[in-house]
Amino acid sequence: MASTFMGLNISYTGLVASNAGLNATANNISNIETKGFSRQEVKQTAAEAMRCFQNYGCIGAGVDTLGVERIRDLFYDEKYWANNSRLGESDKKQYYCAIIENYLRDQRGTDEVKGFTTMFSEYWSKISSLAANTSEDNFALDFIGAGANLCEYFNILYNNFQKMQKDVNDEIKIDIDQINSYAQQIATLNKQINTIEIGGNTIANELRDKRDLVIDQLSALIDVECEETEVFDAHGNSIGAHKYVVKICGGQALVNDYNYRQLECIPRTTWQKVNQNDADGLYDVVWTDTKEELGVTGKRSGGQLKGLFEVRDGNNYEAFSGKVTAVSNLEKTVRIKVSDDYLQNMSKSTIPLADGRIKIGGEYYYYTDYDFELDETGACYYTFHMSEDKSRNPTMPTPDAINQSVRIGDKINYQGIPYYLEQMNEWVRDYAYTFNTIYNVEGATDYYGNVSNESIFYTGTDPKDNSQYAMDVQVGATSYNSLSQTGYYTLTAGNFNVSKELENDPKKLHTHTGETEGESKYDIIESLIDLSTNTDKMKFRGCSAESFLICMLGDSGLNAQSANSFQNIYDSIRETIENNRYSISGVDKDEEAANMIKYQSAYSLASKMISVLNECYDRLISGTGV
């Protein structure tokens with residue numbers, strides 16, 4: 001038989017359940033604007049029935065309030081994290097592509113910006129004026145000045161790209177510090193969550209929301225994979241705790257339950273460069289515990305960090321690579337055969353001329369200089385002279401390295417800053433070489449009537465002592481040593497300059513050969529004018545010399561368009577996923593208002609039931625009591 005006061009207890013459980021519902025609703029409404037908050041819901045079930053009337057079976061015993069759980073869908077979380085990484089990558093590329101387009105801008109009118117086309121047009125105008133006035137040295141001075149302005153344009157553009165590379169590098173450091181902070185926060189939250197949930201009677205809703213919010217923020221920086229597994233005791237029974245693992249960058253462990261790993265940025269020294277044009281102090285990102293590289297640019301990685309690395313290091317998949325063919329322990333050299341066309345072209349060379357880093361097999365080594373050789377069969381070899389400094393090379397490559405793969409830097413399939421610097425260098429080297437070849441033709445004569453076959457117009461300035469390079473090793477040479485400092489491979493857009501000899505005395509400018517007669521002697525100048533448009537004399541990517549900016553703007557425009565398109569696509573996907581997440585986890589004021597009325601009504605009815613039963617008990621006790 002049921003207890004006399006059973007109805008009172010049943011009503012009490014209803015009062016508790018409706019009160020819990022009201023409290024959960026109040027909490028939801030209070031956090032309606034809280035970022036990362038998941039709405040919470042009271043979980044309840046009918047209490048175990050009692051067998052109190054044998055003829056009629058069991059009678060209900062009220063309601064059990066199991067607890068309050070957050071409403072969350074892991075499927076949409078994972079979709080959000082994956083898309084957020086792609087969106088972060090596209091955002092960074094879009095931002096820096098806009099800067100690159102601004103650097104290359106050439107605009108006429110009120111807000112005039114002198115870019116390459118304007119500078120080259122003025123330069124061409126000066127040489128055309130000189131052709132008609134070769135007897136007046138002030139026109140020669142104007143032309144030399146225009147040539148110097150053209151050089152300065154490339155110097156400034158080169159320095160701007162290097163400055164941007166440094167800015168990207170600084171942003172990489174900021175992101176790495178942020179990733180380290182997130183890793184520490186996640187590990188701390190894992191411990192706090194398990195402390196509360198162990199035993200299986202409580203769910204740490206707010207702490208789980210905080211952890212998911214940190215993962216949301218982390219996913220914008222780098223690709224994220226999360227896995228949560230239940231923890232069992234020795235007898236196979238759940239203890240209520242969970243193991244939470246976070247992996248980044250294609251599956252590398254960042255957080256393993258209460259333990260987390262840290263990343264560090266190690267700046268490259270001058271002898272650790274992988275690109276001739278790189279700014280000083282670029283960071284390599286490695287794990288603090290193992291010193292292994294993070295490898296951000298892999299196919300499986302993503303996020304802002306990948307976008308930054310591709311902008312900073314993107315070389316259009318044109319990095320040095322080859323195979324070892326010989327190792328000399330005596331001479332401390334490693335001979336490498338290469339097959340890529342761009343490695344056989346001096347104009348496209350990007351590897352450091354001195355004190356660079358090379359990876360043979362899986363080990364890094366450091367070289368002091370190298371020899372280039374292109375033999376009669378078309379086979380191309382680089383012989384690297386390894387540094388004997390023990391602090392750089394504790395060990396030397398052995399003959400076991402023969403046939404092993406070799407690389408300097410990574411092949412990154414994106415047109416980043418190194419790509420644009422290489423394009424500028426290629427144009428500068430080819431143009432300077434072709435111009436100097438025409439300018440210093442046999443019998444070239446200056447204003448004084450002196451014949452000289454040693455003068456050059458364009459050269460490069462050595463930053464060490466401000467001297468100018470001789471430019472003896474020509475483009476297309478089949479052999480040279482990188483330390484000789486006398487070839488066009490030393491020329492970059494950053495050191496491109498006009499010969500000081502001509503700037504000091506414009507009358508030394510070559511305008512004609514000895515075969516030309518008359519007052520207007522300008523056969524050399526006439527040939528130089530034709531250099532701007534004649535693709536038989538010079539080609540840059542199949543176009544004439546004056547088309548440099550068109551080619552560069554074509555690259556930057558396509559990259560910007562691609563970044564904008566992907567950014568719009570991923571932003572649209574993000575909005576869709578966020579709406580789906582919100583429909584499940586978000587707090588809706590209308591829904592909560594309806595819940596408030598529902599629980600209020602249930603609370604009032606439970607209270608009324610208790611009041612009615614109280615009257616019954618009062619009559620029972622007062623009317624039948626002795």
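Treat the numbers as computed from the prediction; the structure is a model and nothing was measured.
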Q: Applying ring-ring contact (aromatic ring centres under 6.0 Å, His included), can you list everything that pairs with Trp271, at least two apart in sequence or on another chain?
A: Tyr366

Q: Once salt bridge (Lys or Arg N to Asp or Glu O under 4.0 Å) is applied, what residue pairs with a partner in residues 386-414 remain, sequence neighbours excluded?
A: Asp340-Lys411, Asp355-Arg392, Asp389-Arg392, Arg407-Asp410

Q: When you measure from the centre of the six-membered ring of Tyr80, is the NZ or CZ of Arg581 under 6.0 Å away and within 45° of the axis?
A: yes

Q: Okay, side chain of Asp571, backbone of Gln567: is any donor-acceptor separation there less than 3.5 Å?
A: no

Q: Atom NZ of residue position Lys273 - does it have more than 12 heavy atoms of other residues, nucleotides or ligands inside 6.0 Å?
A: yes

Q: Can you name the residues that form a ring-ring contact (aromatic ring centres under 6.0 Å, His included) with Tyr582, not counting sequence neighbours?
A: none

Q: Would you call Lys306 and Gln304 a side-chain contact if the rule is heavy atoms closer than 4.5 Å?
A: no

Q: Hey, is the main chain of Gly7 close enough, under 3.5 Å, to the side chain of Ser11 for a donor-acceptor pair?
A: yes

Q: Please name all residues satisfying ring-ring contact (aromatic ring centres under 6.0 Å, His included) with Phe384, sequence neighbours left out, ordered by chain then number.
A: Phe320, Tyr367, Tyr370

Q: More than 12 non-hydrogen atoms from neighbouring residues, nucleotides or ligands closer than 6.0 Å to OH on Tyr364, yes or no?
A: yes

Q: What residues form a side-chain hydrogen bond (donor to acceptor under 3.5 Å, both in side chains) with Asp284, not counting sequence neighbours?
A: Arg268, Arg357

Q: Please list, chain by chain and in numerical order, all residues satisfying salt bridge (Lys or Arg N to Asp or Glu O under 4.0 Å) with Glu197, sequence neighbours excluded.
A: Arg208

